[in-house]
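Worksheet for the structure shown next.
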Amino acid sequence: MRKYIVAGNWKMNTTVPEGVELAKAVVAAAKELPANVELVVAPPFTHLYPVAEALKGSKVKLSAQNCADHEKGAYTGEVAVNMLTSVGCEYTILGHSERRQYYGETDEKLVVKTKLALEAGLKVILCVGENLDEREAGKHFDVVTAQTKAVLYNFTAEDLKKVVIAYEPVWAIGTGKTATAAQAEEIHACIRSVIAEKFGLEAADDMTILYGGSCKPSNAKELFAEKDIDGGLIGGAALKAEDFLGIAKSF
Ligand code: PEP
């Protein structure tokens, strides 16, 4: 059964006390949500433990924004998957375009990270998406297809039950420019067909595919009405509980 998810990527925003307040506000507002919509928050690493405490007793899930590509050892500044599960993370985001662009995250690294995360019992929110040049050159379907295959074709249909894909056109992230519902839907449908090609129709139909890129309460309804858009990965609007929940109520 396909799950509907709204996940908030807080990126490098909020202090720990601010993050805890935000988490508490999300928990309070989440009570009004229908049971078939899952809420996920992805604060910075420093916030995970206190935010996990704030989420206790609620249905809101905790996610990291990244994980290390090694299990443990001499990797200064990195955070391993078993550290994430030990503070109560259920998810990790991987392959966000900011990590691909600024931190040299390659598809090869993402295969390693996805493997480590799944083995540790974490679910993965894998981000894919084309940049503006690629869109203007008409290469968006090819880029997203290649990114999806490069990581997920190394796994099994069973593994894919623990994976969520987030389509995030880079030109729409934090720019206020949202993809139209039709532009997003055609890419989501393409991703679903890429999954079907290797893993079969059932796996493709069960796959949750989120849209990300300037999603807000005013445009979420139109996006989520599309048959292949199963929720959102939200950046800026996830920093205000009211907006985040406004998006989640748009199904
Ligand atoms: C994101 O970075 O995942 C994102 C979707 O950001 P924004 O909503 O701010 O565009």
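For ligands, and for the atoms within them, numbers begin at 1 and follow the listed sequence. Throughout, residue positions are numbered sequentially from 1 according to the sequence presented.
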Numbered atoms and elements of ligand 1 in range of [X], under 4.0 angstrom, heavy atoms:
| X | value |
| --- | --- |
| G174 | 7 (P), 9 (O), 10 (O) |
| G212 | 5 (C) |
| H96 | 1 (C), 2 (O), 3 (O) |
| A172 | 10 (O) |
| G236 | 7 (P), 8 (O), 9 (O) |

Task: Note, V111 side chain near K115 side chain (heavy atom, < 4.5 Å) - done: no
Open item on the list: With a 4.5 Å cut-off on side-chain heavy atoms, are E38 and K59 touching?
Closed with: no
- [ ] Please report which non-hydrogen protein atom sits nearest to atom 5 (C) of ligand 1, along with the residue it belongs to and the distance in Å to one decimal place.
- [x] E168 OE2, 3.1 Å
TODO: Identify the protein heavy atom lying closest to atom 2 (O) of ligand 1, giving its residue, its atom name and the separation to 0.1 Å.
DONE: K11 NZ, 2.5 Å
Task: Winner among A238, G235, G176 once heavy atoms are compared against atom 6 (O) of ligand 1 - done: G235
Task: Ion pair check, K216 and D243, cut-off under 4.0 Å - done: no
TODO: Report yes or no: does a heavy atom of G213 sit under 4.0 Å from some atom of ligand 1?
DONE: yes
- [ ] Evaluate the ring planes of F251 and F224, with Trp represented by its six-membered ring, and classify them as parallel (under 30°), tilted (30 to 60°) or perpendicular (over 60°).
- [x] parallel
Task: Heavy-atom pair of closest approach, residues D228 and H188 - done: O-ND1, 2.9 Å
Open item on the list: Is it true that W10 and Q65 share a donor-acceptor pair across their side chains at a distance under 3.5 Å?
Closed with: no
Open item on the list: Regarding D159 and T156, do their side chains bring together a donor and an acceptor under 3.5 Å, going by distance alone?
Closed with: yes
